[in-house]
Visitor: 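My questions will all concern the structure given below.
No experiment lies behind these values; they were computed from the predicted model shown.
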Amino acid sequence: MVTTVASFAYNGFTAGRAAPPPGLRYVQAGDVRTRYQTWGATGSPVVLVHGAFESVDTWSRLAPLLARHHRVYALDLTGDGYSEHRGPYTVDHFTRQLLGFLDAMDLGGPGERPLLVGHSSGAAVVTEAALRAPGRTGGVMLLDGDALDTGAGPPSAFKYVLIDPYRTSLLRIGLGYDGLIRRLYDAQCGPACPPLDAAGVEQWRRPLQVPGAEGALWSMLAEGVPGLPADRVARLAGLDLPKAVVFGAQDDVFTRQTPQQTAQRIGAPPPTLIPGARHLTMISDPEAVAAAVDKLMAAPHAATR
């Protein structure tokens, strides 16, 4: 009883929500008011789709490198970053948002078919988008993700803390602790990543403090990690599109066999493994990821699209 009262009191004291940073750009993508960013003015288009609990800002080291040869676009999927929070937080809804974004950016027509790069759970979104609209897709890269629905989510015992007021208190306490955010980042990113300064911590924390973010988080946790059945992912092998699989060689989110299995499943060449990298290769090794994108887009069958 005392714990419950204290939790309610803490939640009330910390009820104020953060505002999104100033100067963000938005467009209507499907039914979601979508935050996005672009880099580069020439070259073939590349669309970057982040994974769970990430945002446009996750691409800040990679996108400028890609912009040397490509026009680069990135969006915040609903539920993450600073896009409108509008459920359901499923692969279907994310895919409809992504295809709506292509419409809004006038991408997908002849000569404007973008390479779709999906990181982690974003791999399922770009896979589904390519399957639904292969004629609007210039290629697919699965980056640190296998696109599969593995049923991953919080452990069953976690449901007892995923009720209010306790879940809200735990989230807000955790977000207030810079050391915890740095620890999680270091574990996923590895020693090659730049250390998080105060601005870097805020980049990861602030999207979870804006209005609607907490409700979206609980909904996404209840849904589990977005993914597709293996037979649905395997249909990508039947599409005549450039495909690539890129993983950190030390990514412990997946097994050591996952990159090769994923490449075989989607009909891609052998995977690119980045030595020493973990799960956030676009942060730890942006030059290597950019080189993999350039290689894929230079393939003969990509040049004709």
Visitor: Do the ring centers of Phe247 and Phe254 come within less than 6.0 Å of each other?
Guide: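 Under 6.0 Å, so yes.
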Visitor: Can you name the side-chain contact (heavy atoms from CB on, under 4.5 Å) partners of Pro64, sequence neighbours left out?
Guide: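 Pro64: side-chain contact (heavy atoms from CB on, under 4.5 Å) contacts with Trp39.
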Visitor: Can you tell me which residue pairs pass the salt bridge (charged side-chain N to carboxylate O under 4.0 Å, His left out) test with a partner in residues 224-237, sequence neighbours excluded?
Guide: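 Residue pairs passing salt bridge (charged side-chain N to carboxylate O under 4.0 Å, His left out), neighbours aside: Glu128-Arg232.
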Visitor: What residues form a side-chain contact (heavy atoms from CB on, under 4.5 Å) with Pro194, not counting sequence neighbours?
Guide: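 In terms of side-chain contact (heavy atoms from CB on, under 4.5 Å), with neighbours along the sequence ignored, Pro194 is linked to Arg61, Tyr185, Ile283.
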Visitor: Assess the residue pair Leu184 and Leu180 against the criterion (side chain to side chain contact (heavy atoms under 4.5 Å, CB included)); give the C-alpha distance rounded to whole Å, side-chain angles, the decisive distance to 0.1 Å, and a yes or no.
Guide: CA-CA 6 Å; Leu184 292 171; Leu180 176 61; 4.3 Å; yes
Visitor: Is there side-chain contact between Trp204 and Glu54, with heavy atoms separated by less than 4.5 Å?
Guide: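 A side-chain contact under 4.5 Å exists here.
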Visitor: With a 4.5 Å cut-off on side-chain heavy atoms, are Arg256 and Gln250 touching?
Guide: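 The answer is yes, as the side chains (C-beta and beyond) meet within the 4.5 Å cut-off.
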Visitor: For a quick test of reading the model, state the closest non-hydrogen atom pair linking Ala124 to Gly227 and the distance between them.
Guide: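 For Ala124 and Gly227, the tightest heavy-atom pair comes out as CB-CA, 3.8 Å.
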Visitor: Under 4.0 Å between a Lys/Arg side-chain N and an Asp/Glu carboxylate O for Asp103 and Arg136?
Guide: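 Yes, Asp103 and Arg136 are salt-bridged.
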Visitor: Evaluate the criterion side chain to side chain contact (heavy atoms under 4.5 Å, CB included) for residue pair Thr34 and Ser83; output intermediate values, then yes/no.
Guide: CA-CA 5 Å; Thr34 298; Ser83 286; 3.6 Å; yes
Visitor: Does the side chain of Asp294 reach to within under 4.5 Å of the side chain of His69, using non-hydrogen atoms?
Guide: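 The answer is yes, as the side chains (C-beta and beyond) meet within the 4.5 Å cut-off.
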Visitor: Between Gln188 and Arg183, does the side chain to side chain donor-acceptor pair (under 3.5 Å) criterion hold? Intermediate values first, please.
Guide: CA-CA 9 Å; Gln188 292 295 298; Arg183 231 177 254 129; over 6 Å; no
Visitor: Test of understanding: with side-chain contact (heavy atoms from CB on, under 4.5 Å), list the residues that count as partners of Asp92, not counting sequence neighbours.
Guide: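 Only Thr90, Arg96, Arg132 meet the side-chain contact (heavy atoms from CB on, under 4.5 Å) criterion with Asp92.
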Visitor: State which residues pass side chain to side chain donor-acceptor pair (under 3.5 Å) with Thr38; sequence neighbours excluded, sorted by chain then number.
Guide: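 Per chain and number, Thr38 pairs via side chain to side chain donor-acceptor pair (under 3.5 Å) with Arg25.
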Visitor: I need the minimum non-hydrogen distance between Gly138 and Pro242, along with the two atoms involved.
Guide: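 Scanning both residues completely, I find the closest heavy atoms to be O-CD, 3.2 Å.
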Visitor: How many angstroms lie between CD in Gln203 and OG1 in Thr58, if you round to the nearest 0.5 Å?
Guide: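 Here the rounded value is 6.5 Å.
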Visitor: For residues 26-33, run the donor-acceptor check on the side chains, cut-off 3.5 Å, and write out each pair with its distance to 0.1 Å, sequence neighbours left out.
Guide:
from: Tyr26; atom 1: OH; to: Tyr82; atom 2: O; distance (Å): 3.2
from: Gln28; atom 1: NE2; to: Gly30; atom 2: O; distance (Å): 3.3
from: Asp31; atom 1: OD1; to: His93; atom 2: NE2; distance (Å): 2.9
from: Asp31; atom 1: OD2; to: His93; atom 2: NE2; distance (Å): 3.3

Visitor: Quick one: list whatever passes side-chain contact (heavy atoms from CB on, under 4.5 Å) with Glu202, sequence neighbours left out.
Guide: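 If we apply the side-chain contact (heavy atoms from CB on, under 4.5 Å) test to Glu202, skipping adjacent residues, the hits are Arg205, Arg206, Gln209.
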Visitor: Should Leu102 and Tyr36 be counted in the same cluster of Ile, Leu, Val, Met, Phe, Trp and Tyr side chains packed under 4.5 Å apart?
Guide: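 Leu102 and Tyr36: one cluster.
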Visitor: Compare every heavy atom of Thr127 with every heavy atom of Ala147, then report the nearest pair and how far apart it is.
Guide: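 The pair with the smallest heavy-atom distance is CB-OG1, 3.7 Å.
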Visitor: Show me the donor-acceptor pairs, under 3.5 Å and distance only, between side chains in residues 42-52 and residues at least two apart or in other chains.
Guide:
from: Ser44; atom 1: OG; to: His70; atom 2: ND1; distance (Å): 2.9
from: His50; atom 1: NE2; to: Leu77; atom 2: N; distance (Å): 2.9

Visitor: Give the table of side-chain donor-acceptor pairs shorter than 3.5 Å for residues 265-281, with sequence neighbours excluded, one pair per line with atom names and distance.
Guide:
from: Arg278; atom 1: NH1; to: Asp186; atom 2: O; distance (Å): 3.4
from: Arg278; atom 1: NH1; to: Ala187; atom 2: O; distance (Å): 3.4
from: His279; atom 1: ND1; to: Asp251; atom 2: OD1; distance (Å): 3.4
from: His279; atom 1: ND1; to: Asp251; atom 2: OD2; distance (Å): 2.8
from: His279; atom 1: NE2; to: Ser120; atom 2: OG; distance (Å): 2.9
from: Thr281; atom 1: OG1; to: Asp144; atom 2: OD2; distance (Å): 2.7

Visitor: Go through the steps for Arg182 and Val201 under the test side chain to side chain contact (heavy atoms under 4.5 Å, CB included), then give the verdict.
Guide: CA-CA 7 Å; Arg182 288 192 172 100; Val201 169; 3.7 Å; yes
Visitor: Determine the minimum heavy-atom distance between Ala290 and Leu66, stating which atoms define it.
Guide: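 Nearest pair, atom of Ala290 first, then Leu66: CA-CD2, 3.7 Å.
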Visitor: Can you see which heavy atom on Arg71 is nearest to which on Tyr73, and at what distance?
Guide: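 It is NH1-OH, 3.2 Å.
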Visitor: Which residues satisfy the side chain to side chain donor-acceptor pair (under 3.5 Å) test with Asp76, sequence neighbours excluded?
Guide: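 Arg35.
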Visitor: If a pair satisfies salt bridge (charged side-chain N to carboxylate O under 4.0 Å, His left out) and one of its residues is in residues 82-91, list it, with sequence neighbours excluded.
Guide: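 Sorted pair list: Glu84-Arg86.
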Visitor: Heavy atoms only: give me the nearest Pro134-Leu241 pair and the separation to one decimal.
Guide: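 Closest pair (atom of Pro134, atom of Leu241, distance): O-CD2, 3.9 Å.
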Visitor: Suppose we screen for ring-ring contact (aromatic ring centres under 6.0 Å, His included). Which residues come up paired with Phe94, at least two apart in sequence or across chains?
Guide: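 None.
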Visitor: Enter the distance from Asp285:CG to Cys189:SG here, rounded to the nearest 0.5 Å.
Guide: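 Between Asp285 CG and Cys189 SG, I get 8.5 Å after rounding to 0.5 Å.
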Visitor: Go through Leu196 and Ile181 one step at a time and tell me if the side chain to side chain contact (heavy atoms under 4.5 Å, CB included) criterion holds.
Guide: CA-CA 9 Å; Leu196 284 187; Ile181 295 172; 4.3 Å; yes
